[in-house]
Trainee: 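Sending over a structure as structure tokens; questions will come in a sec.
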Amino acid sequence: MIEFRDVSYSVDGIQVLSDLTLRVAHGEILVLLGRSGSGKTTTLKLVNRLVTPTSGQVLVNGKANDQVDVIQLRRGIGYVIQEAGLFPHFTVERNIGLVPKIEGWPEERVRARVQEMLQLVGLTPDLASRYPHQLSGGQRQRVGVARALAADPAILLMDEPFGALDPLTRDELQREFLLLQQRVHKTVVFVTHDLREALRLASRISLMEAGKLVTVLTPQEFLKSSDPWASAYVHAFGDGLESAANRGTS
Amino acid sequence: MNLLRFFVQNHTQVLDLTGEHLRLVGWSTFFAMLIGIPLGILIAHRTQLGRPVLTAANIIQTIPGIALFGFLLPVPWLGESAERLAILALTLYALLPIIRNTYDGIRGVDAAVVEAGRGMGLTESQLLFQVELPLALSVIISGVRIAVVISVGLATIAAFIGAGGLGEFIFRGVAMVDNRVILAGAIPAAILALLADFGIGWIEKQLRPR
Ligand SMILES: Nc1ncnc2c1ncn2[C@@H]1O[C@H](COP(=O)(O)OP(=O)(O)OP(=O)(O)O)[C@@H](O)[C@H]1O
Ligand SMILES: [Mg+2]
């Protein structure tokens, strides 16, 4: 589905990513876990070509992503960022319906799709006419997810989508996201620095450190791992992680 | 009440000159927007061009009004018509605030929002017309407002080269040492400036993104 082949990226003489090789399988939630500056966001942006590798290749659906039209590539990939990056001058409805609209869907179909998406992410239809600044942080984040799903992309990139939320709302959105994923089966790359979130959501966790991929493990493996970076994470987060990992898979 | 009587007696001329004045300001603002907004957009995206363009516009701004009119007088096609000349000079003066505000407005759009749009597959022109320009619009209009207010004042100098406008009264009044005549030009000019400031300011407020 997505494949990084020996990808390196440097900018202004800084080596941001080195020799990244990673495969994301169809329908899985691959979590990129790592501390600030480890290169998670850059890795994500390689997929939709907001960043182009200095060397190596990124394949999306079996094709090198620099061999396809970049606009078409991006429209086939949902993108959710922290604080949602919603267009402040568009209503919720226009935000969610934007990609379908520019893809030329008829107006009726766009409107129906927006309603469907609102329901999917647990928002009431009356929010459609509001502006982003009239929503709570949790609602904005839901709109961000709805917008990314609107054109039904097979791939979803999520960059700390729940990072700025309070613990209760975050918990709620994580739970709903897992339920949602059972219905929509997207191939998801999910960035976080929160191990608890990673254990709960991930099919596999790829741990990054200083621009390198340290290891790729399932949540269960991660907890037992003897890898120094992985166990450092487990120690830093302390007790109660088992239950986080189990909640996700159950 | 001398002044009031003067206005009543000369009201057709006051109106004519006000009309001329507005025509000078209107056309020059139009041309300055036509050049300044695209240029501002360009330098907001190609930032290495920003400094030279803004510096050039700045330098034009520092040339004294009368000198600029004087410089342009010998230019062939332009020199033939005082109005053309005045419009060109006023256009040059109006460029800086319009370029500057367009540049600032576009650069001020939240980079995360633009990147989100790009990541979703908006083309560069869709990004410009649907995201950057709408979000920068109130700042751009604010530049236009500044340009218009400056032009209303500067256009009084156009009378110096015979291009008409309310400056006619001012120059005539100075020559005649008659304050009434000076005020007959200065007061309508001040009112025009205030109206433009208020009116365009109102539009600007309506367009300000929440
Ligand atoms: N355009 C750029 N110019 C210079 N340095 C960059 C650029 N993009 C990324 N970097 C550097 O690359 C490193 C990785 O950045 P990246 O945004 O991928 O980290 P991250 O893992 O997402 O961090 P965070 O958790 O804080 O979001 C950082 O040290 C950053 O400063
Ligand atoms: Mg990041």
Side-chain angles (χ1 to χ4, degrees), chain A residues 41-42 44-51 68-91 94-104 130-135 140 143-144 146-151 153 155-161 164 189, chain B residues 33 37-38 40-41 44-51 98 101-145 200-210:
Chain A
T41 296
T42 309
L44 204 67
K45 288 181 182 172
L46 283 166
V47 180
N48 60 8
R49 252 173 84 186
L50 286 174
V51 164
V68 294
D69 176 59
V70 69
I71 299 299
Q72 287 313 314
L73 173 83
R74 288 171 180 165
R75 289 190 190 163
I77 300 176
Y79 187 41
V80 190
I81 60 177
Q82 190 167 333
E83 279 295 302
L86 298 177
F87 302 117
H89 58 306
F90 282 179
T91 58
R94 274 194 78 184
N95 264 288
I96 297 176
L98 182 62
V99 176
K101 189 177 156 212
I102 60 183
E103 283 281 86
R130 295 219 197 150
Y131 285 89
H133 74 105
Q134 297 167 319
L135 302 175
R140 272 202 288 275
V143 174
R147 182 175 69 171
L149 290 171
I155 296 172
L156 208 51
L157 305 177
M158 306 180 81
D159 196 349
E160 303 195 37
V189 185
Chain B
M33 287 171 73
I37 293 176
I41 292 169
H45 290 146
R46 305 240 179 291
T47 42
Q48 71 274 19
L49 295 175
R51 191 162 290 274
I98 292 176
N101 276 49
T102 304
Y103 174 81
D104 287 347
I106 301 254
R107 300 267 296 164
V109 175
D110 185 354
V113 170
V114 176
E115 186 156 70
R118 186 171 286 124
M120 288 165 66
L122 267 64
T123 62
E124 290 305 307
S125 77
Q126 284 165 340
L127 272 178
L128 178 65
F129 288 106
Q130 301 198 30
V131 180
E132 292 177 307
L133 279 179
L135 288 173
L137 201 56
S138 75
V139 182
I140 297 174
I141 298 296
S142 162
V144 173
R145 179 175 54 83
I200 304 175
W202 183 83
I203 296 174
E204 188 187 320
K205 216 156 103 199
Q206 305 307 306
L207 294 171
R208 194 166 299 153
R210 277 142 284 225

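Here is how names work: the chains are called A, B, and so on, in the same order as the sequence lines, proteins then strands, and each is numbered from 1.
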Trainee: For B/Ala116 and A/Arg147, which heavy atoms make the closest approach, and how far apart are they?
Mentor: CB-NH2, 3.9 Å
Trainee: Less than 4.5 Å to any heavy atom of chain B: does that hold for the side chain of A/Leu98, its backbone, both, or neither?
Mentor: side chain
Trainee: Find the distance between CE (B/Met120) and CG (A/Asn95) and round it off to the nearest 0.5 Å.
Mentor: 7.5 Å
Trainee: From B/Arg118 CZ over to A/Tyr79 OH, what is the distance, rounded to the nearest 0.5 angstrom?
Mentor: 11.0 Å
Trainee: Looking at B/Leu135 and A/Pro88, what are the two nearest heavy atoms and their distance?
Mentor: CD2-CG, 3.6 Å
Trainee: Compare every heavy atom of B/Pro134 with every heavy atom of A/His89, then report the nearest pair and how far apart it is.
Mentor: CD2-CB, 3.5 Å
Trainee: Going from CD1 on A/Ile71 to CD on B/Gln126, what distance comes out if it is rounded to the nearest 0.5 angstrom?
Mentor: 7.5 Å
Trainee: Is the closest side-chain heavy-atom distance between A/Ile102 and B/Thr123 below 4.5 Å?
Mentor: no
